[in-house]
Amino acid sequence: MAAPTALPLAGRVHVIGGGVAGLSAALALTAAGRFVTLHEAGPMAGGRCRSYFDREIGLSIDNGNHLLLSGNRAAFAYLDEIGAADTLGGPDRPLFPFMALDTGQRWTLRPSRGRLPWWILSSRHRVPGTRAIDYLALLRLRGDCGERTVADSMPRNQLYHRLIEPLAIAALNTPPSQGLARLLGAVVRETLMRGGAACLPRFPRETLARSLVDPAVAMLRARGAELVFTHRVTMLDIEAGRVAALRTPEDSVALGPNDGVVLAVPPWIATTLLPQLTAPAEFEAILNVHFRIQADPGPAGFIGLVGGTAEWVFVKADHVSVTISAANRMVDRSAEAIAAAVWPDVRAALRLPNPMPLYRVVKEKRATFAATAEQERRRPGARTPIANLMLAGDWTDTGLPATIEGAIRSGRRAAELFRTT
């Protein structure tokens, strides 16, 4: 693809951070004809969506698991732009298998495709032990929930324990007793409440990098963007209300009068570069455990678990990958202890033999900001008081919890603001 003609007087935009938010911003800027330099402190792009070859288990694995839904419009527009939509797999209909580990009961949630929720009238399609009338409680998430938590907003019945609670933990990465109901409501309104057509589960057939990162890097290079890795920006020189230079341990990059900056780094780095910035300061961990074993993927390729340690189990071509969200309670345990706690759940869910295979435990201690009322109030908007500096990241005020969808939207929003400055 030929690089678009850059606007000669528009200046260069420096995107600091090569995660999905930074890649999204850089793509939107280059699509608009801007010159872009992307600065990434690490050796590769991707952030929490990075993938790597693990020598210990001899497999390419993802840093973590991410499940997209067809209602994630920004994410699928991003995938279309980089030509990677066909790298995702998933069932051809909306279905979500579950298992209760305490009883062994299995069921599959099957939302109907249209907006009218006919599926709640069928006991075969809804959560076992629930009635159609129970689902009216979901309407509470459509309105203004204020600062109420998920637990305080919903009745504690089978629907809560077998659907709302696991959905909230996955979407918010925060215990429902602390997580904001309105953030969960934002997710539900764009997916489940738009009908099953917006709830088709999608995940990479190979790795996150091959779906979300590598094609974006290739597209940016084709558009003439400059990508600089192992280049950590440690200071912003601010003069007369503008960023005048980027400083690194090795050099300084001067900005011209028409140049700008998108700061797309984690909040603890953003506040180091901008001490006056208010940003989330409390975080929740995510644990991922990858087992080198083959298993039957079933009709969906994943299964949700209730009542155990493991929460979501994804079956890949050559391994099984487990996610535990809101994991502050166990992130400091040893890898051996974590794997030993998770393996019985995986074995029961997938009907696997007893010996535990080779494994790798991946810990993200600050995976996302804690989706509490206090931390939500600390989320900044994309625009800053510094004229040529915008913010991007799933921790900024996107209206969503910390998700891929929110990260992509934040990058696009930061890029759009440069069109009006």
Side-chain angles (χ1 to χ4, degrees), residues 1 15 17-28 30-31 38 40 42-54 59-92 94 96 170-171 190-191 198-223 225 227 229 264 286 288 290 297 300-302 312-323 360 362 364 367-368 392-394 400 402-412:
M1 177 181 293
V15 178
V20 172
L23 293 173
S24 172
L27 285 166
T30 54
L38 186 144
E40 167 56 41
M44 64 184 72
R48 294 200 310 275
C49 289
R50 64 189 180 275
S51 309
Y52 66 96
F53 183 80
D54 188 285
L59 297 173
S60 292
I61 60 175
D62 295 326
N63 186 62
N65 295 304
H66 295 272
L67 182 69
L68 294 174
L69 296 178
S70 48
N72 298 146
R73 295 178 177 177
F76 281 93
Y78 171 97
L79 287 161
D80 286 338
E81 182 178 7
I82 62 177
D86 61 354
T87 67
L88 299 186
D92 60 2
F96 298 85
E190 296 187 6
T191 53
C199 292
L200 293 170
R202 292 291 179 263
F203 44 85
R205 289 195 178 94
E206 297 184 43
T207 65
L208 282 167
R210 291 184 182 178
S211 291
L212 291 166
V213 181
D214 296 346
V217 169
M219 178 66 73
L220 289 171
R221 285 178 169 149
R223 292 176 176 177
L227 282 75
F229 296 104
I286 293 179
N288 289 277
H290 307 281
F302 66 93
W312 296 93
V313 180
F314 294 84
V315 179
K316 310 295 180 72
D318 51 11
H319 66 286
V320 171
S321 187
V322 180
T323 293
R360 166 65 72 187
V362 180
E364 282 281 352
T368 70
D394 60 13
L400 293 171
T403 59
I404 288 177
E405 177 73 4
I408 290 171
R409 290 188 191 181
S410 75
R412 290 172 51 183

[X] [atom1] to [Y] [atom2] distance, which is reported to the nearest 0.5 Å:
{"X": "Leu212", "Y": "Leu79", "atom1": "CG", "atom2": "CG", "answer": "5.5 Å"}
{"X": "His290", "Y": "Phe314", "atom1": "NE2", "atom2": "CZ", "answer": "11.0 Å"}
{"X": "Arg202", "Y": "Leu69", "atom1": "CZ", "atom2": "CG", "answer": "9.5 Å"}
{"X": "Cys49", "Y": "Leu208", "atom1": "SG", "atom2": "CG", "answer": "5.0 Å"}
{"X": "Leu67", "Y": "Trp312", "atom1": "CG", "atom2": "CH2", "answer": "7.0 Å"}

For a quick test of reading the model, state the closest non-hydrogen atom pair linking [X] to [Y] and the distance between them.
{"X": "Gly18", "Y": "Glu40", "value": "N-OE1, 2.6 Å"}
{"X": "Gly22", "Y": "Val15", "value": "O-CG1, 3.6 Å"}
{"X": "Leu220", "Y": "Leu27", "value": "CD2-N, 3.6 Å"}
{"X": "Ile82", "Y": "Pro215", "value": "O-CB, 3.6 Å"}
{"X": "Val217", "Y": "Ala45", "value": "CG2-CB, 4.0 Å"}
{"X": "Phe229", "Y": "Met44", "value": "CE2-C, 3.7 Å"}

Does any N or O in the side chain of Ser60 come within less than 3.5 Å of the main-chain N or O of Phe53, such that one atom is a donor and the other an acceptor? no

Please check: side-chain N/O of Ser24 versus main-chain N/O of Val20, any donor-acceptor pairing under 3.5 Å? no

Which salt bridge (Lys or Arg N to Asp or Glu O under 4.0 Å) pairs, counting each pair once, include a residue from residues 207-218, with sequence neighbours left out? Glu206-Arg210

Hey, does [Y] have a side-chain heavy atom less than 4.5 Å from the side chain of [X]?
{"X": "Leu23", "Y": "Leu38", "value": "yes"}
{"X": "Ser410", "Y": "Glu405", "value": "no"}
{"X": "Thr323", "Y": "Phe302", "value": "no"}
{"X": "Asp62", "Y": "Ser321", "value": "no"}
{"X": "Asn72", "Y": "Ile408", "value": "no"}
{"X": "Ile61", "Y": "Arg360", "value": "yes"}

Is it true that Arg223 and Glu81 have a side-chain N and a carboxylate O under 4.0 angstrom from each other? yes

Test side-chain hydrogen bond (donor to acceptor under 3.5 Å, both in side chains) applied to Arg48 and Asp394, Thr368, Asn63, the passing residue: Asp394

For Lys316, run the side chain to side chain contact (heavy atoms under 4.5 Å, CB included) check against Leu59, Thr207, Asn65 and tell me which one passes. Asn65

